[in-house]
Amino acid sequence: MNLEKELQLLIIEAIAKLYNAEVNESQITLQKTKKEFTGNYTLVTFPLLRISKKSPEQTAQEIGETLTANSAFIESFNVIKGFLNLSLSSSSWVKTLEEINNNPTYGFTQANEDSPLYMVEYSSPNTNKPLHLGHVRNNLLGHSLCEILKANGKKVVKTNIVNDRGIHICKSMLAWKKWGNNETPESSNKKGDHLIGDYYVMFDQKYKGELAELESKGLSKDEAEAQSTLMAEAREMLLKWEKNDTETVNLWKMMNNWVYKGFDETYKEMGVTFDKIYYESDTYLVGRKRVLEGLEKGLFYKKEDNSIWADLSAQNLDHKLLLRADGTSVYMTQDIGTAKLRFDDYPIDTMIYVVGNEQNHHFTVLSALLDMMGYDFGKGLVHFSYGMVELPEGKMKSREGTVVDADDLMKEMIETARETSNELGKLDNCTPQEASDIVRMVGLGALKYFILKVDPRKNMTFNPEESIDFNGHTGPFIQYTHARIQSVLRKAAELNIEIPAVIGEIELSDKEEGLVHTLVDFASIIKQSAEEYNVSLVANYVYDLVKEYNQFYHDFSILREENQALRYFRLMLSKNVALTIKKGMCLLGIDVPDRM
RNA sequence: GCACCCGUAGUUCAAUGGAUAGAAUAUCGGAUUCCGGUUCCGAAGAUGCGAGUUCGAUUCUCGCCGGGUGUACCA
C-alpha cells in the first residue's frame with residue numbers, strides 16, 4: 001500500500017469525524033515537509049478552512065490530534081501557521097523500506113494485453129547530412145520518453161520517419177555525380193552520412209559560386225537564381241526520380257544506403273533503437289492519394305493553377321497548400337500519408353511526435369487537417385515539442401559551419417572522460433577493456449544527463465566542459481555515487497554482516513527517514529513524468545536522491561556501526577538507493593558502472 | 001504586422017497557487033576522510049517593469065520592455 005495514499009485516507013477519515021463533511025483526495029494537499037521543519041509529510045490546511053470554519057492553526061491542531069489519537073503510524077505532529085507537519089514512526093519507515101527492498105521492480109508497472117499502445121516518432125533525419133546536436137536532444141528525449149512510458153505499463157512502438165526524398169538529396173547526388181569520381185565510404189574511409197553531407201556542402205558552395213558569377217555579370221539575385229544551371233539540373237533530377245528513372249533511382253538507393261549505414265552506427269553509439277522505420281519515399285504517395293480523395297469529397301479546393309488547398313479558417317488557421325500545381329507533394333502531404341499508414345499498421349491509442357518547437361504550427365495544422373478528413377485520431381495527436389540547443393558561444397548555424405556533429409561530439413565526450421579519469425588516477429586498477437567501458441559510460445552519461453535534466457520544452461545551452469564535471473549536478477557525479485555505494489556493499493559482503501532477526505525497534509534519524517521517503521517518491525515521479533511527458537523530472541529526482549544520500553553517507557558510519565540492526569538497515573538503505581539510481585538512469589538511457 | 005513560446009543569483013538549471021524562491025558552478029571561510037581523492041557545513045548572491053485576481057503569485061489575467069520561433073509551392 002502506498003504510504004501517501006494511506007495517509008490521505010486517514011486524513012479524509014479524520015475530517016469526516018471532526019467536521020462531518022466528505023472531502024475527496026484532490027482537496028487534500030499533502031507535500032513533503034521542507035527540511036527546515038520537523039516532520040515527514042505536511043498537510044496544507046488552507047483549502048479545508050471552508051469545511052472546518054475555523055482558523056488555519058486551529059484546524060491543523062484538531063486534525064493533528066485526531067490523527068495521532070487514531071493511528072499508530074503517525075507518531076507526532078506540529079503546527080506552523082496553516083501547515084500541519086506530521087511525523088511518522090521509525091518503525092513504519094523501516095517497514096516501508098523492507099517493502100521496497102522486497103520488490104525489485106518497485107515503481108515500475110508491467111504492460112499487459114489490454115495496455116494502451118503508444119507510438120512514438122523521434123529522430124526523423126534527412127538523408128543529406130549527418131546527425132547534429134539538435135538530433136542528439138531529439139533522440140535522447142525520444143528514447144527516454146519511451147522507456148518512461150514502458151515503465152508505466154504502456155505498450156510502446158518506437159518509430160522513425162526518414163526524409164529520404166526531395167530536392168535536398170538530389171543536390172548531394174548531383175554533386176557526387178559531377179565531382180565525386182566514384183568515391184565510396186570504403187574508398188574515402190568516411191562514414192556514409194558524412195560523405196553525403198560533404199557533397200551536399202559541395203553543391204552549396206558550387207551553387208553559390210555560380211550565383212556570384214552570374215551576379216557579377218549584372219544580373220539581379222532573382223535572375224541569377226532563375227538562370228542557375230546547377231539548380232536546374234537538381235530539379236531535373238528530382239523529376240527523373242519521381243518518374244522512376246532507373247539510373248537515378250539506383251544512384252539514390254546506393255547513396256541512401258551509405259547514409260543509413262552511417263546513421264546506424266550513430267544510433268548504436270547513442271544507444272537508441274527503433275521498432276519500425278517509415279520512409280517518406282513510401283508515404284508521400286499515400287498522402288497524395290488521400291488529398292485527392294479529399295478533393296473529390298469537396299473537403300479541399302483547387303486553384304486556377306491546379307494546386308490543391310485546404311481552407312482551415314473555420315479552425316482559426318490559414319489556407320494550407322497540400323499539392324503543388326505540378327502535382328508534387330509537400331511536407332504536410334507526406335505527414336498525412338505517414339499518419340494514415342501508421343494507424344492502419346497498428347492499433348495506436350496515442351501517437352506522439354518528438355519534434356522541435358519550431359514546428360508547433362505544423363502539428364496544429366496536421367491535427368486539424370486529419371480531423372477534417374474524418375480520421376478520429378487527428379485530434380489526439382501529441383506533439384512532444386522541445387526547445388533548441390545552443391552552445392555557450394551562440395546559436396548553431398549550418399551556413400556558418402558552427403553545427404556540432406553528433407559523432408564528433410560523442411567522440412570528444414569520451415575522450416574528455418578518458419583524460420579526466422586518467423588525471424584522477426581512477427582507471428589505474430582496471431584492465432584496458434574495463435577502462436574503455438567506463439570512460440564510454442562516463443562520457444556519454446555526461447552528455448545525456450546534461451541534456452535530459454533540462455525541461456524539454458525550454459531552450460537550453462549545452463556546455464560540454466561543465467557537463468563532464470565529476471562534481472555537481474552532472475551525470476558522472478551520479479555515476480560516481482552509485483559506484484561508491486557498490487564499493488561499500490562489496491566491502492560489507494566481505495565482512496559477512498549478519499541479518500539481525502528483528503530490526504523494527506531501531507530509532508531512525510530524520511536523514512534516514514527522509515531518504516526512505518525519497519525512495520518512496522520514485523513511483524510517483526515516473527508516473528508524473530509519463531503523464532506530463534516530462535523526462536527531466538526523473539533526471540532531477542535522481543540527482544536529489546544522490547545528494548540526499550551523500551549527506552547521509554557523510555553523517556553516519558555504515559560499516560563501523562555497532563548496532564547490528566542499525567547497520568543492517570543502513571546497508572539495506574544504501575543498496576536500495578543504488579538500485580533506484582540505476583533504475584532512474586536506465587529510464588534516461590544512461591549506463592551506470594559498478595566501479596569507476 | 002499577426003500568432004505562439006521564453007525572461008529567476010555572475011553563469012547553467014529547479015520550484016502541482018503554498019512556509020524564509022531551491023540546487024550546481026564560480027568566490028570566500030571552515031569540517032570530515034569508515035570505503036574512495038570527486039564527501040560535508042557555512043557566507044554572500046536572483047523572480048525584466050507595472051497593475052489586477054486572493055488568505056497567499058515565479059506560477060493565473062492584462063499592459064509595457066527584452067529575446068526566440070513560426071506565419072513558405074523547405075523538409
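Letters A, B, ... are given to chains in the order of the sequence lines, protein chains preceding strands, and every chain is numbered from 1.
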Peer 1: Determine: side-chain N/O of A:Gln551 to OP1/OP2 of B:C41, distance under 4.0 Å, yes or no.
Peer 2: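 Yes, A:Gln551 has a side-chain N/O under 4.0 Å of OP1/OP2 on B:C41.
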Peer 1: Between A:Lys32 and A:Asp521, is the closest basic N to carboxylate O distance under 4.0 Å?
Peer 2: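 Counted as a salt bridge, because a side-chain N and a carboxylate O are separated by less than 4.0 Å.
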Peer 1: A:Asp311: what forms a side-chain contact (heavy atoms from CB on, under 4.5 Å) with it, not counting sequence neighbours?
Peer 2: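 If we apply the side-chain contact (heavy atoms from CB on, under 4.5 Å) test to A:Asp311, skipping adjacent residues, the hits are A:Tyr301, A:Ser313, A:His319.
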Peer 1: Using a cut-off of 4.0 Å on non-hydrogen atoms, how would the nucleic acid contact of A:Phe477 be classed: base, sugar-phosphate, or nothing?
Peer 2: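 Sugar-phosphate contact only.
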Peer 1: To the nearest Å, give me how far apart NZ (A:Lys32) and P (B:G18) are.
Peer 2: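 Between P of B:G18 and NZ of A:Lys32: 17 Å.
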Peer 1: Looking across every strand, which nucleic acid part, if any, lies under 4.0 Å from A:Asn540 by heavy atom: base, sugar-phosphate, or nothing?
Peer 2: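 Contact class for A:Asn540: none.
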Peer 1: Nearest to the A:Arg324 side chain among B:U69, B:C73, B:G36, which nucleotide is it?
Peer 2: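 So the side chain of A:Arg324 is nearest to B:C73.
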Peer 1: Under 4.0 Å between a side-chain N/O of A:Lys35 and OP1 or OP2 of B:U20, yes or no?
Peer 2: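 For A:Lys35, the contact criterion (side-chain N or O under 4.0 Å from OP1 or OP2 of B:U20) is not met.
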Peer 1: For nucleotides 31-35 of chain B, tabulate all protein N/O to nucleotide N/O atom pairs closer than 3.5 Å, reporting atom names and distance.
Peer 2:
residue	atom	partner	partner atom	Å
B:C34	O5'	A:Arg560	NH2	3.4
B:C34	O4'	A:Arg560	NH1	3.4
B:C34	O4'	A:Arg560	NH2	3.2
B:C34	N4	A:Tyr553	O	3.1
B:C34	N4	A:Phe556	O	2.6
B:C35	N3	A:Tyr553	OH	3.1

Peer 1: Of all residues at least two apart in sequence or in a different chain, which pass the side chain to side chain donor-acceptor pair (under 3.5 Å) check with A:Arg570?
Peer 2: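 For A:Arg570, the residues satisfying side chain to side chain donor-acceptor pair (under 3.5 Å) (neighbours in sequence not counted) are A:Glu512, A:Glu561.
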Peer 1: Determine: side-chain N/O of A:Lys547 to OP1/OP2 of B:A24, distance under 4.0 Å, yes or no.
Peer 2: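 Yes, A:Lys547 has a side-chain N/O under 4.0 Å of OP1/OP2 on B:A24.
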Peer 1: Looking for any heavy atom pair under 4.0 Å, which part of the strands does A:Ser536 touch: base, sugar-phosphate only, or nothing?
Peer 2: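 Since no nucleic acid heavy atom lies under 4.0 Å of A:Ser536, the category is nothing.
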Peer 1: Which pair of heavy atoms, one from A:Met413 and one from A:Ile468, lies closest together, and at what distance?
Peer 2: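 What the structure gives for the nearest pair is O-CD1, 3.3 Å.
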Peer 1: Can you check nucleotides 6-12 of chain B for protein contacts, nitrogen or oxygen pairs under 3.5 Å, and list what you find?
Peer 2:
residue	atom	partner	partner atom	Å
B:G7	OP1	A:Lys458	NZ	3.3

Peer 1: Between B:U16 and B:G36, how far is it from one P atom to the other, in whole Å?
Peer 2: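 Taking atom P in both B:U16 and B:G36, they lie 40 Å apart.
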Peer 1: Say you pick atom C1' in B:U58 and the same atom in B:A14; how far apart are they, in whole Å?
Peer 2: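 That atom pair is separated by 11 Å.
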Peer 1: Are the ring centres of A:Tyr200 and A:Phe203 closer than 6.0 Å?
Peer 2: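 Here the rings of A:Phe203 and A:Tyr200 have centres that are no less than 6.0 Å from each other.
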Peer 1: Classify A:Ser385 by what it touches in the nucleic acid, base, sugar-phosphate, or nothing, heavy-atom distance under 4.0 Å.
Peer 2: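 Here A:Ser385 touches no strand at all.
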Peer 1: With rounding to whole Å, what would you report as the distance between B:G30 and B:C55 at their C1' atoms?
Peer 2: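 It comes out at 42 Å once rounded to the nearest Å.
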Peer 1: Are A:Tyr541 and A:Phe522 close enough that their ring centres sit under 6.0 Å apart?
Peer 2: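 Yes, close enough.
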Peer 1: Please report, to 0.1 Å, the donor-acceptor pairs under 3.5 Å made by any side chain of residues 441-457 of chain A, with sequence neighbours excluded.
Peer 2:
residue	atom	partner	partner atom	Å
A:Lys448	NZ	A:Met270	O	2.9
A:Lys448	NZ	A:Gly589	O	2.8
A:Tyr449	OH	A:His473	NE2	3.0
A:Tyr449	OH	A:Ala539	O	2.6
A:Lys453	NZ	A:His473	O	3.3
A:Asp455	OD1	A:Arg457	N	3.0
A:Asp455	OD2	A:Arg457	NH2	3.1

Peer 1: Base, sugar-phosphate or nothing for A:Gln528? Non-hydrogen atoms, less than 4.0 Å.
Peer 2: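 Nothing: the residue A:Gln528, judged by heavy atoms under 4.0 Å, touches no strand.
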Peer 1: Are A:Lys527 and A:Glu531 ion-paired here, with the side-chain N under 4.0 Å from a carboxylate O?
Peer 2: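 A salt bridge links A:Lys527 with A:Glu531.
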Peer 1: Please measure how far the C1' atom in B:U47 lies from the corresponding atom in B:U20, and state the result in whole Å.
Peer 2: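 Going atom to atom, C1' in each nucleotide, I get 15 Å.
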Peer 1: Using ring pair (Phe, Tyr, Trp, His ring centres under 6.0 Å) as the criterion, list what pairs up with A:His362, not counting sequence neighbours.
Peer 2: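 So A:His362 forms a ring pair (Phe, Tyr, Trp, His ring centres under 6.0 Å) with A:Tyr331.
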Peer 1: Using the criterion of both pairing distances under 3.5 Å for Watson-Crick and G-U wobble pairs, give all stems of 3 or more consecutive pairs involving RNA chain B.
Peer 2: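 Expected stems, ordered by start: B:1-7 with B:65-71, B:10-13 with B:22-25, B:27-31 with B:39-43, B:48-52 with B:60-64.
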Peer 1: For A:Ala523, enumerate each residue passing the side-chain contact (heavy atoms from CB on, under 4.5 Å) test, keeping only those at least two apart in sequence or located in another chain.
Peer 2: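 For A:Ala523, the residues satisfying side-chain contact (heavy atoms from CB on, under 4.5 Å) (neighbours in sequence not counted) are A:Tyr106.
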Peer 1: Flag the pair A:Phe363 / A:Tyr353 as yes when their ring centroid distance falls below 6.0 Å, and as no otherwise.
Peer 2: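 Yes - the distance between ring centres of A:Phe363 and A:Tyr353 falls below the 6.0 Å cut-off.
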Peer 1: Answer with base, sugar-phosphate or nothing: what part of the nucleic acid does A:Asn85 contact at a heavy-atom distance below 4.0 Å?
Peer 2: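 Result for A:Asn85 = base.
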Peer 1: Just to verify, which of A:Leu321, A:Val291, A:Val365 counts as forming a side-chain contact (heavy atoms from CB on, under 4.5 Å) with A:Met332?
Peer 2: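 Looking at A:Leu321, A:Val291, A:Val365, the match for A:Met332 under the side-chain contact (heavy atoms from CB on, under 4.5 Å) is A:Val365.
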Peer 1: Please classify the nucleic acid contact of A:Asp305 as base, sugar-phosphate, or nothing, using heavy-atom distances under 4.0 Å.
Peer 2: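 Base, at least one base heavy atom under 4.0 Å.
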Peer 1: Quantified in whole Å, what is the P atom distance between nucleotide B:U11 and nucleotide B:G29?
Peer 2: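 About 24 Å, rounded to a whole number of Å.
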Peer 1: Looking only at side-chain atoms of A:Phe46, point me to the closest of B:C40, B:U71, B:C55.
Peer 2: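 My answer, after comparing the listed nucleotides, is B:C55.
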Peer 1: For nucleotides B:A44 and B:C5, find the distance between their C1' atoms and express it as a whole number of Å.
Peer 2: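 One C1' to the other, the span is 34 Å.
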Peer 1: Using atom P of each nucleotide, how far apart are B:A46 and B:C60 to the nearest Å?
Peer 2: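 Between the two P atoms, the distance is 23 Å.
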Peer 1: Could you check whether A:Lys171 gets within reach of a base, just the sugar-phosphate, or nothing at all, counting any heavy atom under 4.0 Å?
Peer 2: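 The residue A:Lys171 makes no contact with any strand.
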Peer 1: State which residues pass ring pair (Phe, Tyr, Trp, His ring centres under 6.0 Å) with A:Tyr386; sequence neighbours excluded, sorted by chain then number.
Peer 2: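 Result, ring pair (Phe, Tyr, Trp, His ring centres under 6.0 Å) vs A:Tyr386: none returned.
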Peer 1: List the residues meeting side chain to side chain donor-acceptor pair (under 3.5 Å) with A:Asn78, not counting sequence neighbours, and say none if there are none.
Peer 2: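 For A:Asn78 the side chain to side chain donor-acceptor pair (under 3.5 Å) partners, ignoring immediate neighbours, are A:Asn85.
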Peer 1: Need one value for A:Asn463: base, sugar-phosphate or nothing, where a base atom within 4.0 Å counts as base even if backbone is also close, heavy atoms only.
Peer 2: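 No contact.
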Peer 1: Does any residue of residues 311-318 of chain A have a heavy atom under 4.0 Å from RNA chain B, and if so, which ones, in number order?
Peer 2: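 Result for residues 311-318 of chain A: A:Asp318, sorted by number.
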Peer 1: Residues in side-chain contact (heavy atoms from CB on, under 4.5 Å) with A:Gln61, at least two apart?
Peer 2: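 side-chain contact (heavy atoms from CB on, under 4.5 Å) check on A:Gln61 returns A:Glu65, A:Phe77, A:Val79.
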Peer 1: Please determine if A:Asp193 and A:Lys129 form a salt bridge, counting it only when a charged side-chain N lies under 4.0 Å from a carboxylate O.
Peer 2: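 No, no charged N to carboxylate O under 4.0 Å.
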Peer 1: Roughly how many Å apart are B:G22 and B:C41, using the P atom of each and rounding to a whole number?
Peer 2: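 Between the two P atoms, the distance is 15 Å.
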